[in-house]
Amino acid sequence: MRRAAILGCLSIIQTACFGWITFTDVTTDAGVDFLHVNGATGAHHFPETIGGGAVFFDYDRDGWLDLYLVNAGDFQGDGAPNALYRNNGDGTFTDATDAAGVGDTGYGAGAVAGDYDGDGWEDLYICNFARNTLYRNNGDGTFSDATDSAGVGEPRWGASAAFFDADNDVDLDLIVANYLVYSTVRDGCAPNGVSVYCGPENFDGTTETLYLNNGDGTFTDVSERAGIASVGRGLAVVCGDYDNDGDADIFVANDMSPNFLYRNQGDGTFEEVGFIVGFALGDDALMGNGMGVDLADINNDGWLDAFVTNFEDQTNTLYRNDGDGFLTDISYDAGIAIPSLSQLAWGCAIKDFDNDGFRDLFVVNGHIHDNLAQIGNDGSYPQPIQLFRNAGNGRFDDLSRQSGDAVTTPRVGRGAAFGDYDNDGDLDAAVNNLHGKATLLRNDGGSDNGWVRVELQPAHLAAGARVFVESEDGSRTWSEEIHTGGSYASHSDTRALIGIGETQRVRVWVMWRDRTVSTTVEADTRSTLRFQYPTQ
């Protein structure tokens, strides 16, 4: 055992020195000057705790990812506007909020991008406390508020959302994870006489909202008839075909409620199977405080695995897809459980940050209580990011300390979006910090390994499509399913960036969500490919 431990340590040291990456805080140099405001005055109103999300998307279709950040303000008074930063293509951004008309001033939580009207331009949906907002992209650098005309102004407390095709009819539908039923009447918890934020268990849960796209720019709320009716406290949502049956399923991370997995039955209805398949709880059979969620294939076996972030003294949970409809909690076996116990985790990603061909885990942390010492908690309000490298053998190495000061600097993190904003072939991160400055983290060194980037058009057909990359000799295959939403209250780049390690030449093809398969293309490493949906 001692010899194995030494070898493991040597493996970590070697990884840190050869082939791992660091993140650099480039926020100021990039011109991103966003301050999240939560309106806290010391009264400890519960909505002040949840923070805002981040979105990477190319709103002007110039080939460079732009950044949208969600703000809050005073939930009982004036709101603080959200912000849109246009990518200048040289490593810097320009504030385009006013010019684009997307400075929503609702008390914001999450946001997601998707081309809901199929015109080739990605639109924005904002989740707020009280009323959500839909911005339609006009295709000329501006957006129009289409909330009322589209019928998607969910009046409850929306936390996160995702665009996906619920009924396999080509256009994008919308799922909204609603948090809880909040009232100031029940606010103001005071254990030991010290005022703190109440926990979510003090407020009633609610249901998600499923909006079906009518194909004419409008939506219909079909939640009840579709079976989206379980009561929880939804904070994050992501959709993907976890059972490989050709339709998209819905994963919801619930705060102090069992997590939901709505399995798509292929007829416009869903069955909630979280308990049945093993997603509702961890292997300790205890209910967690689910904050963030992501889906991706961690072991390159062709099945989507799931990751859920949780509260302190709870483990972040990594669920392996067993390929038979069931999920298994492998958090302890994978080596991520114990390092997560001391942190309160939110935004997250299962993505390959060093392009070695295995997806890693990125976790954003930050507490909800700003007076931990007063209540006898020895934890920290601001907390560092955690980065776990996939060793390719079922285990993950905690390389947070080897990933640079930008990772280890404590912040009160919340939403996180991921994408290659500088188009250098590796994934960067944007983090929205509670009542603080947002952070743009540039990945330095991740592109040293090989990679293939795949862009899918038209945009509204990308969500749910799968990209396959196979080494020339057929010995390795990677796949990525494109999805919107995920993390916590955020949305990441929908261009597939697949790490291929030292592989030099590959074959690439796409299976679209209607099961149409594109023609296979051969490519060298560090290639960008564009696939258009094949028409007859």
Side-chain angles (χ1 to χ4, degrees), residues 56-58 63 65 113-115 122 162-165 170 172 238-242 244-249 294-305 321 349-353 355-360 390 418-420 423 425-427 446-447 449-472 474-486 491-501 503-534:
F56 269 132
F57 76 130
D58 185 4
L65 289 179
D115 180 15
E122 288 185 289
F163 284 109
F164 76 118
D165 190 355
V170 179
L172 290 178
V238 68
C239 304
D241 185 8
Y242 98 99
N244 286 352
D245 66 350
D247 46 40
D249 312 294
D294 199 14
L295 294 177
D297 185 358
I298 61 168
N299 51 5
N300 296 329
D301 66 352
W303 297 86
L304 293 177
D305 309 292
N321 191 328
I350 311 174
K351 295 188 180 294
D352 187 358
F353 292 99
N355 286 331
D356 67 347
F358 294 96
R359 290 179 175 85
D360 315 300
N390 190 333
F418 305 89
D420 184 9
N423 284 342
D426 52 34
L427 290 169
S447 58
N449 280 316
W451 51 270
V452 174
R453 190 198 321 276
V454 178
E455 302 176 14
L456 305 182
Q457 292 294 333
H460 71 285
L461 294 182
R466 287 200 182 185
V467 176
F468 293 87
V469 177
E470 182 184 62
S471 60
E472 191 173 39
S475 62
R476 299 189 69 180
T477 301
W478 302 269
S479 65
E480 181 168 335
E481 182 174 292
I482 308 300
H483 61 248
T484 73
H491 169 86
S492 297
D493 187 2
T494 54
R495 302 175 300 176
L497 182 61
I498 298 177
I500 58 174
T503 301
Q504 295 300 309
R505 191 159 177 79
V506 294
R507 292 182 286 268
V508 185
W509 67 95
V510 177
M511 183 172 69
W512 300 83
R513 65 172 180 258
D514 64 358
R515 313 303 266 188
T516 298
V517 179
S518 64
T519 302
T520 300
V521 174
E522 295 190 358
D524 294 321
T525 185
R526 298 178 177 84
S527 296
T528 295
L529 306 175
R530 294 174 178 85
F531 282 80
Q532 188 80 22
Y533 178 78

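Counting only heavy atoms from C-beta outward, the side chains of T528 and W451 approach each other to under 4.5 Å. Under the 4.5 Å side-chain criterion, counting only non-hydrogen atoms from C-beta, L456 is not in contact with L461. The shortest side-chain heavy-atom distance between V170 and H460 falls under the 4.5 Å cut-off.
Judged by distance alone, the side chains of N244 and R466 do bring a donor and an acceptor atom under 3.5 Å apart. A donor-acceptor pair shorter than 3.5 Å can be found between the side chains of D294 and H483.
For D245, the side chain to side chain donor-acceptor pair (under 3.5 Å) test picks out no residue, with sequence neighbours left out. For D247, there are no side chain to side chain donor-acceptor pair (under 3.5 Å) partners two or more places apart in sequence or in a different chain. By the salt bridge (Lys or Arg N to Asp or Glu O under 4.0 Å) test, D524 pairs with R505, sequence neighbours left out.
With I298 as the fixed residue, the side chain to side chain contact (heavy atoms under 4.5 Å, CB included) test singles out one of I350, N321, D352: I350. For the side chain to side chain contact (heavy atoms under 4.5 Å, CB included) with V452, the lone residue among V521, I500, N355, L497 that qualifies is I500.
Of all heavy-atom pairs spanning D426 and G446, the tightest one is OD2-N, 3.3 Å.
Between W509 and F468, the ring planes are parallel. Angles under 30° get that label, and only those over 60° would be called perpendicular.
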